[in-house]
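Quick note: numbers below take in every heavy atom, side chains included, and nothing from hydrogens, waters or symmetry partners.
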Amino acid sequence: MSKTKAAPNHFIKAIAGNDVRNGQYPEIYTRFPPEPNGYLHLGHAKSICLNFGLAKDLGGHCNLRFDDTNPEKESTEFMESIRASVEWLGFEWDRLCYASDYYEHLYGFALELIDKGLAYVDDLNAEQMREYRGTLTEKGKNSPNRDRPIAQNRDLFERMKAGEFKEGDYTLRAKIDMESPNFVMRDPILYRIRFAHHYRAGDKWCIYPMYDFTHCISDALEGITHSLCTLEFQDNRELYNWVLANITIEQTITGEKGKTLPRQIEFGRSNLEYAMASKRKLIQLVNEGHVSGWNDPRMTTLVGLKRRGYTPKSIRDYCAEIGVTKKDSTIDMAILENAIRHDLEATAKRVFGVTDPLKVVITNYPEGQTEGFEVANHPKDESLGKRTLNFGKEVYIEQDDFMLDPPADYFRLGPGREVRLRYGYAITCNEFVTDDAGKVVELHCTYDPLSARGKTADGRKIKGIIHWVNADEAVGAEVRVYDRLFTDPNPAAAEDFTALINPESLTVYPNAKLEPSVLSASAQDRFQFERVGYFCFDEEDSEMESGKLVMNRTVSLRDTWGKQNR
RNA sequence: UGGGGUGUAGCCAAGUGGCCUAAGGCACCAGAUUUUGAUUCUGGCAUUCGAAGGUUCGAAUCCUUCCACCCCAGCCA
C-alpha cells in the first residue's frame, strides 16, 4: 500500500515550523475541535488532516476535543460517529478531550473576570441586547447593568448557576467595549442559562459557557500551541486573545506550567462542487428523506464516502491536493475522483461484472463444454494473484457493448461485427433477437476456435475487447450507480437547494451478473469491474452469507469514448 | 455604511524585488504503448499574476488609488 501523499508546505506549516525553530514553542500541539452536533464531512476532513498532519509532520501532538457547550444540539450519537470517522481516516489523537470536562475550570475563570471588574451580569433580554449592540454603522451603547457592583455580579452569577433564574433572565457578559468596530468585542456574552440535559454533563449545570469563552481556555488548558480554525473566526481572534490575557492561566491540565499561550491561525474552507457542506442543510437532506441517511453513498459525509467505497487514503490525498490557504475555495469534483481512482487503480482486484446484461449464445460452441482461462487479478501487481474464468456456450455481455446500427468509430459489437471477449475468444454477431417492444434481448454469435490468448490464425487485428460473464455460473447482484447529488455546482447558494437535487443521482441495476469469484471475497474488498468502474459491497444491504450482493459503484473508470459521445 | 479577510490559467496552488517570457496537481488537447476506449508514457496548455497609476536598472512580489468577492449585528460554533 502506497503512502499518503506528503502534505505540501503551506503558510501554517511555515509559521508553526518557525515557531518551533526559534524556540517560541518547544513542540507543536494542535487539536481538532468538532461540536458533536452532526456528522463529519469532507470539509472536516481538511481540518483533521491539517491538524493531525501538522502535528505529525513537525513531531508534535494533536488532541481530539469535542467542543460541546450547547446541550440542545449535541448528542452521544454524533460524538461517537465523529470519533469513529477520525479513526477511520487514519489518525490517532494524543488525548481525547471534552470542553464539558472543563466546565468547573471555566466557571472559576468567569468568577475571576467578575472579581477583576471585567465581567458583569446583565438582565437585558435578547431583543434589547440586539438594540444595544448597534449596527454596522452605529456604535453600541452600554447596558444599564454594566456598572453593577462586583459583589452583586458575583452573587447574581452564583445564583444563575444555582438555578434561581429562568432561561433568558440573565447572562454573564465580558466588559470590553460597546464602541468597538469589531462586534465580537461589544461586551460578548460569556454564559447563558439553559435548563437542558447535556449528553455528558447530565443535569449538573444550568448555565453553559459560550464558544468564545470556552474555546481559548480549552486550548490553553490542553497546552495547544496552534489553534487552527476557519476564516469566519478571524474577528473572534481578538476576543480569544482578550480572554487569555485577562485570566490567570498558568497551569495546563497536562501539568506543565508557564507555557506560552496558544495562537489562533485561520485558514479558508474548501467546498466541493455539486455537494453540500452545511451541516444544517445536510440534516435537512436526511430529515426530509431526500437521501437514505447520513451515510447515503451520495452524501459527502465521511460515513457516506466510506459506504460509497472511498478509502481513507484517498480522502487524505485529496486534502493534501487541495492545499491550505487563506482563501475559500471551490474544488472540482474531478480532484476527488482522481484521488480515489488513483488509489483503487493500484490496489483493486480486477473482476468481470456486467451491470446491464445481454445474453449471448455462441451457436458453434459445443453444448455442455466449458474451459478455463487463467487470468491475473491485477495487470501490474502479481501479488494480487490469479483466478480462473470459465467460458461456456452462453455468456452475458453489457447492453452498452452492442449497437444495432453502430457508427464507424464504435468498435464493439453490432450485426455482423466481430469483437474479442477479453481473455477468451473472438466472436461475431450473426443474429439478434428482439422482444415485443423491439428491444434486443439476445444475440446469436459464432466464435473463432483459433482466436484464444489474444491471437488470430490469420493475424487479423481485433480492436474491440469487451468483458463477459459465463451464464452458467454468473452470480446475480444489485448494482447501484451514483452520480452527483445536485445538478448545480453550488447548491448552497440557491434559495431552495432541494429543487436542485439530481433526479438521476442513483441508478439501480437489479439484474447485474458477476463472475463467481466475488462470492469468496471479504466484505471490505474493493474491485474494479473491468471497463466499468470501481465497486465495493454495500455495508448496509449486502449480505455475504446469504449471497445477497449489493454493490456500490465508487467511481467510474475514466471514459474518453463515452465522454466524446456525450 | 464600520471592522476583518481574499484576489496568480476552467478548478486547486507555488511564488514574498532579479535564475518568473510564473512550479506542481486536476481538467482539457495531441501522440505512443495497451487483450480494460482503463493504466502508463511523451508533448501542448498564463509574455502574464483583479485594474490603473507610481517607486526601481529591474515588480506577481514595494507604494497609492480603485474594483470584485467573502465573513461579522445568535443568549450557535
Can you give one letter per nucleotide of nucleotides 71-77 of chain B, going 5' to 3': B for a protein heavy atom under 4.0 Å from the base, S for sugar-phosphate only, - for none?
SBBSBSB
When every nucleotide of nucleotides 37-46 of chain B is labelled 5' to 3' by its protein contacts under 4.0 Å (heavy atoms), B for base, S for sugar-phosphate only, - for none, what sequence of letters results?
BSBS------
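Within the cation-pi definition used here (under 6.0 Å to the ring centroid, within 45° of the axis), K161(A) qualifies as a partner of Y107(A). Both the sub-6.0 Å distance and the 45° axial angle are not jointly satisfied by R420(A) relative to the ring of W468(A).
Taking atom CZ of residue F391(A) and atom C1' of nucleotide rU35(B), one finds them 14 Å apart after rounding to whole Å. For D177(A) and rG3(B), the CG to P distance is 14 Å, given to the nearest whole Å. Atom NZ of K327(A) is separated from atom C1' of rC49(B) by 12 Å (rounded to the nearest Å). Across the protein-nucleic acid pair, D328(A) atom CG and rG5(B) atom C1' stand 9 Å apart, rounded to whole Å. Remark: P of rU34(B) and CZ of R420(A) are 14 Å apart, rounded to the nearest angstrom. Note: OH (Y274(A)) to C1' (rC11(B)) measures 12 Å, nearest angstrom. Between the CZ atom of F535(A) and the C1' atom of rU36(B) there is a distance of 13 Å, given to the nearest Å. Atom pair L336(A):CG and rC26(B):P shows a separation of 14 Å (rounding to whole Å applied).
With its glycosidic angle more than 90° from 0, rG54(B) is assigned anti.
Although no hydrogens or angles enter the test, the distance criterion places a donor-acceptor pair under 3.5 Å between the side chain of R186(A) and the main chain of R133(A).
Using Watson-Crick or G-U wobble geometry with both donor-acceptor distances under 3.5 Å, rA13(B) finds no partner in any strand shown. Shown here, rU6(B) forms a base pair with rA68(B); the pair counts as Watson-Crick or G-U wobble because both key distances fall under 3.5 Å. In this structure, rA22(B) forms no base pair with any nucleotide, since neither Watson-Crick nor G-U wobble geometry is met with both distances under 3.5 Å. Across the strands present, rA30(B) finds its partner in rU42(B); the criterion is a Watson-Crick or G-U wobble pair with both atom distances under 3.5 angstrom. Here rU61(B) sits opposite no nucleotide as a Watson-Crick or G-U wobble pair (both hydrogen-bonding atom distances under 3.5 Å).
Aromatic ring centres of Y274(A) and F486(A): separated by at least 6.0 Å. Under the 6.0 Å cut-off for aromatic ring centres, Y170(A) and F165(A) qualify, their centroids lying closer than that.
rG5(B) and rG44(B): their P atoms are spaced 41 Å apart (whole Å). Between rA9(B) and rA22(B), the distance separating the two P atoms is 14 Å to the nearest Å. Annotation: rG17(B) and rC63(B) have their C1' atoms spaced 13 Å apart (nearest Å). Distance noted for atom C1' between rU61(B) and rC76(B): 40 Å (whole Å). Distance check on atom P: rC29(B) versus rU39(B) gives 13 Å, rounded to whole Å. Taking atom P in both rA51(B) and rG43(B), the straight-line distance is 31 Å, to the nearest Å. Straight-line distance between the C1' atoms of rA46(B) and rC28(B): roughly 15 Å, to the nearest whole Å. Annotation: rC62(B) and rG18(B) have their P atoms spaced 12 Å apart (nearest Å).
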For residues 213-221 of chain A, which side-chain donor-acceptor pairs fall under 3.5 Å, sequence neighbours excluded?
from: T214(A); atom 1: OG1; to: M210(A); atom 2: O; distance (Å): 2.7
from: H215(A); atom 1: ND1; to: D67(A); atom 2: OD2; distance (Å): 2.7
from: H215(A); atom 1: NE2; to: R31(A); atom 2: NH1; distance (Å): 2.6
from: S218(A); atom 1: OG; to: T214(A); atom 2: O; distance (Å): 2.7
from: D219(A); atom 1: OD1; to: R65(A); atom 2: NH1; distance (Å): 3.2
from: D219(A); atom 1: OD1; to: R65(A); atom 2: NH2; distance (Å): 2.7
from: D219(A); atom 1: OD2; to: S227(A); atom 2: OG; distance (Å): 2.6
from: D219(A); atom 1: OD2; to: Y240(A); atom 2: OH; distance (Å): 2.7

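Taking only side-chain nitrogens and oxygens, K461(A) never comes nearer than 4.0 Å to OP1 or OP2 of rU35(B). For the OP1/OP2 pair of rC28(B) and a distance below 4.0 Å, the side-chain nitrogens and oxygens of K563(A) include at least one atom meeting the criterion.
Within 4.0 Å (heavy atoms only), S270(A) reaches no atom of the nucleic acid at all. Within the 4.0 angstrom heavy-atom criterion, base atoms lie near I335(A). Counting any heavy atom pair closer than 4.0 Å across all strands shown, S180(A) reaches no nucleic acid atom.
Test Y39(A), F66(A), F78(A) against P34(A) for side-chain contact (heavy atoms from CB on, under 4.5 Å) and you get one pass: F66(A).
Classification of the F391(A)-F373(A) ring pair by plane angle, with boundaries at 30° and 60°, yields tilted. Below 30°, between 30° and 60°, or above 60°: for F352(A) and H467(A) the angle between ring planes is between 30° and 60°, a tilted geometry.
The listed nucleotides are rU1(B), rG5(B), rC12(B); the one nearest the side chain of T137(A) is rU1(B).
Looking at heavy atoms from C-beta onward, H198(A) lies out of side-chain contact with W205(A) at the 4.5 angstrom threshold. M551(A) is listed as a side-chain neighbour of F527(A), based on a closest heavy-atom distance under 4.5 Å.
If you find the closest nucleotide of RNA chain B to A334(A) and to R453(A), the one lying nearer the 5' end belongs to A334(A).
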Please evaluate residues D401(A) and R531(A) with respect to the criterion salt bridge (charged side-chain N to carboxylate O under 4.0 Å, His left out), reporting the C-alpha separation (whole Å), side-chain torsions for both, the decisive distance (0.1 Å), and the verdict.
CA-CA 11 Å; D401(A) 287 338; R531(A) 302 206 314 126; 2.3 Å; yes
